[in-house]
Amino acid sequence: MAPRVLYWFRTDLRLHDSPALKAALDLDPEALYPVWTWDPHYVYHAKVGPNRWQFLLDCQSAISDGLSQLNSKSRLLVLRESPLTILPKLFKAWKISHLVFEKDTDSYARKRDEEVLAKSKEMGVECIVKYGRTLWDSDDIVGINGGPTMTTTQLQKAGQKLGPPPRPIPAPTSIPPPGDLSLKNVPQDKPGPRYFNADQNQTNRSSEDATYHAGLRGPKGDFSVPTMEELKMSAETPHRGGEKIALEILDKVVKDKKYTATFSKPETAPTDFQPASTCLLSPHMHFGSISCRKFYWDVLDVVEEWENSGREATEPPCSLTGQLFFRDMYFAAQAGIGTYYGQTLHNPKVRYIPWHLPSKHQPNPDDPRKSLSIKGTYYVDSEEAAEWFIRWREGRTGFPWIDAIMIQLKTEGWIHHLARHAVACFLTRGGCYIDWERGAEVFEEWLLDHEISCNAGNWQWLSCTAFFSQFMRIYSPITFPQKTDKEGNYVRHYIPQLKNFPEKYIYEPWKCPIADQRAAGCMIGKDYPKPMFDWKDRKEICIRGMKTAFEAGFHGNDVEVINGEARTILKGKLGDNVKGDIKLAGNPEFNNNQGKNRAETQPTVSKSVKLPTKRGQTTLDMFVRKKVKSEDERHS
DNA sequence: CAGCCGTTGAGTTT
DNA sequence: AAACTCAACGGCTG
C-alpha cells in the first residue's frame, strides 16, 4: 500500500532545505497532508504580542501558497486543536500511514512530541523525525561535548567532529495532493480550563471573542490560516514573514560580497535604523522560513571566493557564520540542560543572584524538587525595583538610549543585538538589579525572533549568570550609543519629544539647562521623564552585589537556593558590604537640579561606596590570590 | 616647548 | 571573580 503521509509543520515554515519534508517525499506517498495544529500552549499559555502573531500567520500563508504552487490541490491545513488530541483522530479519518516532522529540542516541545510519538506508535503509524532547525543535531552536539555547550569553542569543536553541516536541499518541484479531507465523526476537543482561563494574550485583543472554538477547520470550514482580524489583534511592525521574503533578504545579503565576507558583528551599529546594520533574518530563522544551513553555505561560498582572490574575510565568532554558531550553541545548551534551561531555580548552570526583583520561579517550601511558579501577582522584594521594572518595560526610564530601544522593541518587534545587550545589562547587573527572567519574559512577548534557547541564553549571558562572567563590564547608557550615533538620530526617531533636543544633552537630557529645554520644546520631568535613578550609583551597587554573589557561588540547583536560604545569606553579606541603601529615586532632592549646580543636588551614596583601588594594589592582590589558589590546589 | 612617560579615569560583545 | 585598554593629562626633561 502506498504511504499516506501527514506532514506536521512546526518550526519549519519553508519548502527549501527541509530534511523532514524531503524524508516525507522520499516515501513517494500517494497522499501528503500538510498540517499545522494550533497548539493551545502557543495560543493561550505563551504570551505572544500581535507583531509575532502576524509574522507567524504571514509564514503560514506563504507556505500554504507555496504548497498550492507545487500542486493545485495542496495547501496548508490548519487544525484548531491540540496536536495531542487531533493527530490521532486525523490518522484514523485520513488513513495515515506515516507521520513526519522536524525535530524540536525545546523542552516543552520535546515533552509534547514524546507523547505524540508514543500515541502514533500505539496506533501503528510510522514516525520519521529529522533535525533541520540547526547546523548540527543539538542532541549529537550534547553527546559529543559531554553536556550542554556553554562556549562557542565547545560548539565548534563538537561540530568539527560531526563534520560540516549538510549542504541545503533544493525545494521540491512537485508534491502529491492530500487525499480525502472529510472529517466525519471527528469532534473538536476544546482546550480545558487550564488553557481557557489563562489566555495570556487577552490584553492584546480588542474583544474577547475566542476564535479557537470556531470549529476544527476555522470559521469558513476550509482549514484556512487564521487572520489578525480573527484574533482581534492588530500589528504595527514593518517586518513581515514568509519564505519568499526571507530568501530575497538572503539573496540581497550574499550579492553584497564585501558585506558578507567582511561582516563583523561587534562593529555593526545598534543605532542604525531604516535600514538596520544587520540583515534581520533572525525572525525567519525562528519560524524556519529560512534554513540556517542555506544561510551558512551561501555565506561560506562568498567567503571562499573572497579569500581566493587574496582578500581577508572575517572569521567566527564575529563573522556571519559565527552568529550561527552562537545560535547552535544556545540550542545545544537547552538540549543538554533540559526543563530548567529558561530559569535559575534548579538550573545547575545558572548562577544565583539575590535580585531586588526576583522571578516568578520561587522555591516551593512544601516540595523542594519543585518550583512555585507565581503568575499575575509576583513576589515583590522592593517596591522601588518593581517600579523600575515597569518603567523599563514601557520605555520611560528617563535614559533616552534605553527608552528608545524599548519603544522600538515594542512597536517593531526587532532590535539590534547590541541594543538588546544595552537594555538587558541595564535591567539586571548594570542598573536596576532585577532578575533576568523578568526581562526575558518581556522579550519573549515582543520579539519577532523570540527563540527560548537564544533568548534565555542571552539574558543569562548579559546578567552574568551563565556563559559570561565579567560583571564589571557595564554598558553606559550615555557613552555607548555615542560611539555610533553622536547626533542621537536613533533616539530622536523613537522618542519624538526629544526631536529638537540639543545634541550635547541628547543622551543625558536632565543635564540640559532649562532655557535650552524650553527652546527645544521638551521640558525634562514633564514632556520626557527625569532619570529614575543615578546610574553611576546604581552601577556601583550592582557590581558590589554581583561580587558578593560570585564569591558565595550559589547556582540554581544548590540546596540553599532551592530551600530559599541563599537569598537570606547573600542579603546579609550584601548589607555588610554596601553602605547606604538603594533608595535613590525616592529622594525628593534627587534630580531636582534643573539649572542648578549639579554637584549640590546629587546623592552622595557613591562616595561612601567607592573603594579607592590603586593599580599596583590590584595587581598585587591578583598575585597573592593566584598564589593562594595554587597552594590550595596542591593541598587538595 | 616638544616629546616622553607614568598616572588616572572612563568605558567596556562574543 | 574589581580586568584591561585607551586616551587624556600633567610633570619632567633635554
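Letters A, B, ... mirror the listed sequences (proteins, then strands); counts begin at 1.
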Which part of the nucleic acid does [X] contact within heavy-atom distance under 4.0 Å: base, sugar-phosphate only, or nothing?
X: A/R351; result: base
X: A/S469; result: base
X: A/L462; result: nothing

Nearest to the side chain of [X], heavy atoms from C-beta on, is which of [options]?
X: A/Q323; options: B/dT14, C/dA2, B/dT12; answer: B/dT14
X: A/K547; options: C/dA2, B/dG11, C/dA1; answer: C/dA2
X: A/F550; options: B/dT14, C/dA1, C/dA2; answer: C/dA1
X: A/R473; options: C/dA1, C/dA3, C/dA2; answer: C/dA3
X: A/T479; options: B/dT14, B/dG11, C/dA2; answer: B/dG11
X: A/K536; options: C/dA2, B/dG11, B/dT14; answer: B/dG11

Requested in this report: Give DNA chain C the dot-bracket treatment, 5' to 3': Watson-Crick (N1-N3 with N6-O4 or O6-N4) or G-U (N1-O2, O6-N3) under 3.5 Å, [ ] crossing, | other strand.
Outcome: ..||||||||||||
Query - Integer angstrom distance from the C1' of C/dA2 to that of B/dG9 - result: 15 Å
Nearest whole angstrom, please: distance from the [atom2] of [N] to the [atom1] of [X].
X: A/F471; N: C/dC4; atom1: CZ; atom2: C1'; result: 14 Å
X: A/F480; N: C/dC6; atom1: CZ; atom2: P; result: 17 Å
X: A/K483; N: C/dT5; atom1: NZ; atom2: C1'; result: 12 Å
X: A/H421; N: B/dT14; atom1: NE2; atom2: C1'; result: 7 Å
X: A/I543; N: B/dA10; atom1: CD1; atom2: P; result: 13 Å
X: A/I474; N: B/dA10; atom1: CD1; atom2: P; result: 14 Å
X: A/F468; N: C/dC4; atom1: CZ; atom2: P; result: 13 Å
X: A/R327; N: B/dT14; atom1: CZ; atom2: C1'; result: 17 Å

Query raised in the report: Is the CD atom of A/E304 crowded by more than 12 outside heavy atoms at less than 6.0 Å?
Result: no
**Report entry** Over 12 foreign heavy atoms within 6.0 Å of CD, A/E394
**Finding:**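 Yes, CD of A/E394 has more than 12 neighbouring heavy atoms, counting only those of other groups under 6.0 Å.
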Report summary line: A/D139 meets the side-chain contact (heavy atoms from CB on, under 4.5 Å) criterion, sequence neighbours left out, with A/K103, A/T105, A/R110, A/D137, A/A335
Requested in this report: Identify, with sequence neighbours excluded, every residue that meets side-chain contact (heavy atoms from CB on, under 4.5 Å) alongside A/A313.
Outcome: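 Expected list: A/A261, A/V303, A/W306, A/E307.
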Query raised in the report: Do A/D106 and A/Q334 have side-chain atoms, one donor and one acceptor, less than 3.5 Å apart?
Result: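 A/D106 vs A/Q334: donor-acceptor pair found between side chains.
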Query raised in the report: Judged by modelled atom types alone, do A/T237 and A/N51 share a side-chain donor-acceptor pair under 3.5 Å?
Result: no
Query raised in the report: Would you call the rings of A/Y259 and A/F263 parallel, tilted or perpendicular, where under 30° means parallel and over 60° means perpendicular?
Result: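 Rings of A/Y259 and A/F263: perpendicular, over 60°.
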Requested in this report: State which residues pass side-chain hydrogen bond (donor to acceptor under 3.5 Å, both in side chains) with A/S319; sequence neighbours excluded, sorted by chain then number.
Outcome: A/T321
**Report entry** Any residue meeting side-chain hydrogen bond (donor to acceptor under 3.5 Å, both in side chains) with A/T344, in chain and number order, not counting sequence neighbours
**Finding:** A/W436, A/E437
Requested in this report: Return the residues of residues 397-409 of chain A meeting this criterion: a heavy atom under 4.0 Å from some atom of DNA chain C. Order them by number, or give none.
Outcome: none
Requested in this report: Could you tell me if the ring centre of A/Y494 sits under 6.0 Å from that of A/Y490?
Outcome: yes
